[in-house]
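Data block below; observations after.
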Amino acid sequence: MEGSTSSVGGEVDGDGPVDVAMAPVAAVSTSAPGDDDLTALLRSAAMEDNTVIMTFTNKAWTSAGSLLDLFLESFRIGDKTEHLLNHLIIVAVDGKAFEQCKLVHPLCYFLEVGGVNLTREQAYMSKDYLEMMWARNKFQTRVLELGYAFLFTDMDILWFRNALLHVPVGADITISSDKYLGDDPYDLEKNANGGFLYARPNPRTIGFFKGWYEARSGRMNEQAVFDKVKRELSLQHGAAVHFIDTAYCGGFCQPKKDFRRLCTFHGNCLRGLSLKLERLQGILDEWKQFKIARQQELANNNNTLSG
């Protein structure tokens with residue numbers, strides 16, 4: 001994409017777990033001038049089934065001691081999640097964030113969003129915030145067009161287990177919800193949260209994403225527009241939209257903190273970077289205590305069996 005650069009730090013292995021929910025798909029792949037850097041980075045990061053994990057960041061969230069450090073730490077201490085870092089692309093929307101990313105992670109991409117200053121913390125629903133959200137949406141569409149599936153994760157999400165294992169074969173799009181109500185994961189009455197979003201590269205999904213972007217209106221953010229047009233676009237393009245249970249991908253809006261099942265935890269329903277950092281650090285500390293208690297329990301069980 002124009003005005004974009006990437007950083008690939010050495011060889012990245014492609015031995016990430018093949019998602020049990022992933023079926024082969026007829027990927028659609030097109031290229032445009034300026035896509036070479038992005039294509040090379042996607043190729044380096046992709047799992048065996050052409051899936052990448054992506055997150056977006058700016059200077060405020062990438063500074064030392066900020067959300068990036070907490071985000072990466074969660075992968076490192078999660079249950080069989082550290083190898084997923086080999087498939088994580090961090091997309092920086094300003095130069096400072098891109099430089100900081102390269103200091104701590106090998107797979108960084110600089111996406112220039114014209115006409116706005118995205119270095120500072122963006123107030124929710126401000127003009128620059130909306131520009132960043134819609135630039136993210138357009139970038140996700142481009143990744144699909146290049147033939148790659150992606151799992152997008154906000155940086156204020158902690159990872160404890162591989163959430164890809166809860167993406168079903170029948171879904172073209174899997175998305176999180178602040179509050180998961182009812183038993184039907186394909187019920188389009190649920191409200192979406194785009195902070196956790198999986199999409200497959202096929203004509204149904206690409207058509208849905210393009211229609212989603214084209215439906216952009218006024219001061220509505222991408223989540224509100226998604227909820228407005230999801231039924232129409234799903235029918236128009238035949239795309240199956242699946243909502244993931246907050247028991248697996250939880251957050252502060254509906255905190256089901258059963259660490260025996262939880263894969264991710266989102267700093268949603270919180271305003272302000274400092275509050276997110278404080279509360280998410282608390283959740284990560286709880287996860288560490290859970291791991292210690294579980295290890296002790298396993299050790300006691302082994303001693304009982306061998307006694």
Side-chain angles (χ1 to χ4, degrees), residues 1 16 18-30 35 38-39 41-43 45-56 84 87-91 109 111 133-154 157 159 162-177 185-186 188 190-216 221-223 225-245 248-249 263-264 266:
M1 301 181 73
V18 177
D19 176 17
V20 295
M22 295 249 180
V25 294
V28 175
S29 178
T30 63
D35 275 337
L38 178 57
T39 300
L41 187 62
L42 290 167
R43 188 180 302 116
M47 302 178 193
E48 292 179 0
D49 58 6
N50 263 18
T51 299
V52 297
I53 302 172
M54 302 190 304
T55 191
F56 263 51
L84 295 176
H87 311 290
L88 170 68
I89 296 174
I90 299 175
V91 180
Y109 187 80
L111 177 67
M133 292 301 99
W134 285 109
R136 185 177 84 179
N137 176 271
K138 195 170 186 178
F139 180 82
Q140 291 168 343
T141 305
R142 194 75 204 112
V143 171
L144 293 173
E145 290 176 325
L146 290 170
Y148 291 85
F150 68 80
L151 195 164
F152 174 81
T153 168
D154 271 347
I157 290 180
W159 279 67
N162 186 357
L164 277 166
L165 300 178
H166 293 282
V167 174
V169 170
D172 296 302
I173 297 168
T174 289
I175 194 165
S176 62
S177 183
Y186 292 93
L188 292 177
K190 292 180 173 61
N191 291 327
N193 185 312
F196 181 98
L197 173 62
Y198 172 85
R200 301 181 191 276
N202 59 45
R204 297 183 300 277
T205 305
I206 292 171
F208 186 105
F209 267 71
K210 286 185 174 181
W212 180 10
Y213 187 85
E214 289 168 1
R216 177 180 180 178
N221 67 11
E222 86 294 351
Q223 288 177 181
V225 173
F226 182 96
D227 283 331
K228 180 181 178 181
V229 301
K230 61 192 173 187
R231 190 177 300 278
E232 174 190 345
L233 292 178
S234 178
L235 289 172
Q236 180 181 348
H237 299 287
V241 179
H242 167 264
F243 290 85
I244 197 163
D245 197 326
Y248 303 113
C249 294
C263 296
T264 65
H266 194 178

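- Distance alone, capped at 3.5 Å, places no donor-acceptor pair between the His87 side chain and the Val52 backbone.
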Intermediate values then yes/no, side chain to side chain contact (heavy atoms under 4.5 Å, CB included), Gln223 and Met133: CA-CA 9 Å; Gln223 288 177 181; Met133 292 301 99; over 6 Å; no
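- Asn50 contributes no side-chain N or O that, together with a main-chain N or O of Tyr148, makes up a donor-acceptor pair within less than 3.5 Å.
- Checked by atom type and distance alone, the side chain of Asp227 pairs as donor or acceptor with a backbone atom of Ala192 at under 3.5 Å.
- Within the model, atoms OG1 of Thr264 and CG of Asn162 stand 10.5 Å from one another, a figure rounded to the nearest 0.5 Å.
- Taking CZ from Arg200 and CG from Asp172, the interatomic distance works out to 7.0 Å, rounded to the nearest 0.5 Å.
- No side-chain heavy atom of Phe152 sits less than 4.5 Å from a side-chain heavy atom of Val143.
- Between Leu84 and Trp159, the closest side-chain pair of non-hydrogen atoms falls below 4.5 Å.
- Between Tyr186 and Pro168, the closest side-chain pair of non-hydrogen atoms falls below 4.5 Å.
- Using a 4.5 Å heavy-atom threshold, the side chains of Leu111 and Phe56 count as touching.
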Begin from the C-alpha positions of Leu41 and Ile89 and carry the test side chain to side chain contact (heavy atoms under 4.5 Å, CB included) through to its verdict. CA-CA 8 Å; Leu41 187 62; Ile89 296 174; 3.8 Å; yes
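- Taking the side chain to side chain contact (heavy atoms under 4.5 Å, CB included) definition, one finds that Gln236 meets it with Glu232, Leu233, sequence neighbours left out.
- Aromatic ring orientation, Phe243 versus Phe226: perpendicular (interplanar angle above 60°, classes split at 30° and 60°).
- Nearest heavy-atom pair, Arg136 versus Gly194, reported as atom, atom and distance to 0.1 Å: NH2-O, 3.7 Å.
- Between Tyr198 and the choices Ile175, Thr51, Ile173, Ile244, the side chain to side chain contact (heavy atoms under 4.5 Å, CB included) rule is met once, by Thr51.
- Counting only heavy atoms from C-beta outward, the side chains of Asn137 and Arg216 never approach each other to under 4.5 Å.
- Inter-residue side-chain proximity for Lys230 and Val241 is flagged as unmet; no heavy-atom pair is nearer than 4.5 Å.
- Within the model, atoms OG1 of Thr174 and NE2 of His166 stand 11.5 Å from one another, a figure rounded to the nearest 0.5 Å.
- Between Tyr109 and Met54, the closest side-chain pair of non-hydrogen atoms is not below 4.5 Å.
- Rounded to the nearest 0.5 angstrom, Phe209 CZ and His237 NE2 are separated by 11.5 Å.
- Considering Val91, Leu151, Asp154, Leu88 as possible partners of Thr55, the one that fulfils the side chain to side chain contact (heavy atoms under 4.5 Å, CB included) test is Leu88.
- In terms of heavy atoms, Ala199 sits closest to Thr205 at CB-CG2, 3.8 Å.
- To the nearest 0.5 Å, atoms NZ (Lys190) and NE2 (His242) are separated by 9.0 Å.
- For the pair Ala239 and Arg204, the tightest heavy-atom approach, listed with the atom from each and the gap, is CB-O, 4.0 Å.
- Inter-residue side-chain proximity for Trp134 and Trp212 is flagged as met; some heavy-atom pair is nearer than 4.5 Å.
- Thr153 contributes no side-chain N or O that, together with a main-chain N or O of Phe196, makes up a donor-acceptor pair within less than 3.5 Å.
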